[in-house]
Number of protein chains: 4
Amino acid sequence: MKLKDDRKYALIFRAALKLVAKKGLSGITMGDISKEAGIATGTLYVYFSGKDELINALFAACRERSVAVSFKGYNPQQPFKPAFKNVWLNILKYRLQHFEEVIFLEQCYHSPYITAETREKAQQLAAPFYALIARGQAEQLLKNIDSAMLITFIIGAMNELVKQIHYSGIALTRSKINTSFELCWDALKA
Amino acid sequence: MKLKDDRKYALIFRAALKLVAKKGLSGITMGDISKEAGIATGTLYVYFSGKDELINALFAACRERSVAVSFKGYNPQQPFKPAFKNVWLNILKYRLQHFEEVIFLEQCYHSPYITAETREKAQQLAAPFYALIARGQAEQLLKNIDSAMLITFIIGAMNELVKQIHYSGIALTRSKINTSFELCWDALKA
Amino acid sequence: MKLKDDRKYALIFRAALKLVAKKGLSGITMGDISKEAGIATGTLYVYFSGKDELINALFAACRERSVAVSFKGYNPQQPFKPAFKNVWLNILKYRLQHFEEVIFLEQCYHSPYITAETREKAQQLAAPFYALIARGQAEQLLKNIDSAMLITFIIGAMNELVKQIHYSGIALTRSKINTSFELCWDALKA
Amino acid sequence: MKLKDDRKYALIFRAALKLVAKKGLSGITMGDISKEAGIATGTLYVYFSGKDELINALFAACRERSVAVSFKGYNPQQPFKPAFKNVWLNILKYRLQHFEEVIFLEQCYHSPYITAETREKAQQLAAPFYALIARGQAEQLLKNIDSAMLITFIIGAMNELVKQIHYSGIALTRSKINTSFELCWDALKA
DNA sequence: GATGAATGAGATTTCATTCAT
DNA sequence: TATGAATGAAATCTCATTCAT
């Protein structure tokens, strides 16, 4: 008896991400995805009930992975600024290394594929970031303003930074990274 | 024999923007656009040679309008910070009032519709912003780092801010605007 | 300007009926129908929103035509038996000449295509037959039993007769017709 | 190595009948049948070489069962009318209790699934009914006309009666049955 | 120029059948 | 034999574009 192959999910996701990065969300077809993944088109429907479900599942997976990686190595005992920088760097590195996911998530956000439910769940994943900001404010290191606004600033600037680095093709030196972080930190610090 | 009706361009653009904001770039069809614009599908092809051209033209138009409005009221005699804030506010207001265009531009950027040429031209429109940053640096008010990085920061943070405001539905008070600007200014200032 | 061509409905219906008679309801495809009708597959979707709608519409059309023709030449002044025979003959002739419709209606009845609504409407078309039976009972010419049962008997016997004639290929002589009618009449008469 | 499990045939047949009654012949898939039967899709192909064979086999089985039951309790010594009524009742009861088979047979008759051979064999099963009619004619109790026509009448009326009873949901009383039989008898009797 | 029906290539999806376990 | 994932041909349906009016 043949069992459902868990590696196929990864295979399909990788294929879809690659294609979206290349041709945009509006340019991918189920046929393209299956071909890229090296499986038959019909097989896609063994793993996902349709294109919508595939894209929603991939969206959720990308969001989760992205969050999961952010707090790697985070240690609450560590002083705030280095701990925060660690998270900031995790995010930056992840986004640069998985630029396809960044594009995919952005393209999805205003697409008809993502359901309200999926969107809702994605929102909830932000909780740890709010907690981190709250800690910085409690320690009087961060500006005492609406934490949503602070997060907005961090994420927005980071997004654009990642895109700029990706498209400019300019190598990202340690000093550039530090400059960028200080730019961000100057904005947030009390 | 009638002449091309200039108002139809606006009609078509407005329809396309509305639909992209609602259903995403991957969700719109020529049929949808014509219906929303209140004209026949065939008529679209009188004004645009095809879907690609329509989207490229709209993309270019949005970019141009967006830049044109940014420097409204800009007066080089004015001291830098208020002059800069004026531009910053122009951009913020425009993006909030024309949120559909923000979405559209974002969606386009990684779509196969936009040609390299269109992308190139869009890039060139950023020149006045570089000049503005250069002035701030010359006056030693802004950090003396890669101006592309500074612009990236400003635009990225602004984009996210606009989205947050739009989706949260929270009214934007004068004090919130000022807080946001100061956040941005603290990041940039020397 | 090209207008929707009313003859296309007839063209499509004729094609569908021909194919169902040949290959059964389970054997027809939208592609087959369009080819048989001499139009592009996409054109079918200009006239019907999908396969379901096409089949429901054809079902309704067949039912209506079948009923409409039944009372041709019916004259209430005429004595009951010849008036009744006239109707009976109308039905028999119509079904023999439009055998494809008989098959189609039968195939449809237990198919997932026909909606409850369509079924409902079809049911209502039987009213004139009930009225005719009621007249025969009022004149004490027909058995005074549940009129639904009488109609059931007439229609059931007729259906099978039509099939037998069609498949046996034996010519239907005037005398055979009369014999059949008398068989039916003997069953019904008081 | 296990042997073919005879109960599986019954399981498969039951599942197929249930589904055809619910969704029509055009609405069933091998997947549906296997799921309804509680077995794997692949297992269907252990018992039948394909969909066609499955349906032909079921068709033949239904026809055989239907005929076999008709003459239960038939005693040639018994006078004709009660003997005939006995057969008539056997058929009526069987069809009411196995309505799914009635639908299935009807649906099959004009489908491309049933082969000429299967159809042929089904035809031959009617022989005992012809013999019964011949006896009635020899005893000068039945009209002396083409026996095919008489059988057509009986079966057609019965079919419709069964459907009417099934769909109306009205309980079938002993008196209703008798009335129906007399209707039939009046038609046939010399 | 304006219309919208017509087109057919191509997208999504289904499903009978096969095959590895 | 039993399983159900895998397949790919074929079905349904969509949609950018054309064309007759």
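Sequence lines set the chain letters: A, B, ... in the order given, protein chains first and strands last, and positions in each chain run from 1. We use all heavy atoms of the structure for the numbers below, so side chains are in, but hydrogens, waters and symmetry mates are not.
- Using a 4.0 Å heavy-atom criterion, one finds that D:T43 contacts the bases of the nucleic acid, with or without backbone contacts as well.
- With the nearest nucleotide of DNA chain F identified for both A:V46 and C:G42, A:V46 has the one nearer the 5' end.
- Going from atom CD1 of C:I12 over to atom C1' of E:dT7 covers 14 Å, rounded to whole Å.
- Within the 4.0 angstrom heavy-atom criterion, no nucleotide atom of any strand lies near A:L44.
- Comparing C:D5 and D:D52 by the nucleotide of DNA chain E that holds the closest heavy atom to each, the one mapping nearer the 5' end is C:D5.
- For the pair B:D32 CG and F:dA16 P, the computed distance is 8 Å after rounding to whole Å.
- Nucleic acid contact for D:I28: sugar-phosphate only, since backbone atoms but no base atoms lie under 4.0 Å from a heavy atom of the residue.
- Across the protein-nucleic acid pair, D:I55 atom CD1 and E:dC15 atom P stand 13 Å apart, rounded to whole Å.
- For the pair A:Q107 (side chain) and B:Q107 (backbone), a donor-acceptor distance under 3.5 Å is present.
- Within 4.0 Å of B:K35, counting heavy atoms only, lies no atom of the nucleic acid at all.
- In this entry the distance linking CG of A:L25 with P of E:dT12 reads 11 Å, nearest Å.
- Here the C1' atom of nucleotide E:dG1 and the CG atom of B:L11 are 15 Å apart, to the nearest Å.
- Residue C:T41 is the one, among C:T41 and D:G27, whose nearest nucleotide of DNA chain E lies closer to the 5' end (criterion: closest heavy atom).
- Remark: E:dA20 base-pairs with F:dT3. Criterion, Watson-Crick or G-U wobble with two distances under 3.5 Å.
- The distance between atom NZ of A:K23 and atom C1' of E:dA11, rounded to the nearest whole Å, is 12 Å.
- Nearest heavy atoms, C:V20 versus C:L25: CG1-N, 3.9 Å.
- At a threshold of 4.0 angstrom between heavy atoms, the contacts of D:S34 with the nucleic acid are absent.
- For A:K51, taking side-chain heavy atoms from C-beta onward, the closest of the listed nucleotides E:dT13, E:dG8, F:dA16 is E:dT13.
- Of the residues listed (C:I103, C:N56, C:I55), the one engaging C:C108 in a side-chain contact (heavy atoms from CB on, under 4.5 Å) is C:I55, and it is the only one.
- For A:Y167 and B:H110, the gap between ring centers is short of 6.0 Å.
- What separates CD1 of D:I33 from C1' of F:dT3 is a distance of 18 Å, to the nearest Å.
- Residue D:Y47 has its side chain nearest to F:dT1 when only F:dG4, E:dA6, F:dT1 are considered.
- To the nearest angstrom, P of F:dG8 lies 20 Å from CE of D:M30.
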Pair C:Y47-C:F13, ring pair (Phe, Tyr, Trp, His ring centres under 6.0 Å): steps then yes or no: CA-CA 11 Å; C:Y47 290 85; C:F13 281 168; over 10 Å; no
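- Across F:dT3, E:dT13, F:dT14, the shortest atom-to-atom separation from the side chain of C:Y45 is found for F:dT14.
- At E:dG1, none of the side-chain N or O atoms of B:K8 fall inside 4.0 Å of OP1 or OP2 (strictly under the cut-off).
- Residue pairs that meet the salt bridge (charged side-chain N to carboxylate O under 4.0 Å, His left out) test with at least one member in residues 34-55 of chain B, sequence neighbours left out, are B:K18-B:E36.
- When the side-chain nitrogen and oxygen atoms of A:K4 are compared with OP1 and OP2 of F:dA6, none of them lie within a distance under 4.0 Å.
- Note on D:T29: only backbone sugar-phosphate atoms sit closer than 4.0 angstrom, heavy atoms only; bases stay farther off.
- Within the nucleic acid shown, B:F48 has no heavy atom closer than 4.0 Å to any nucleic acid atom.
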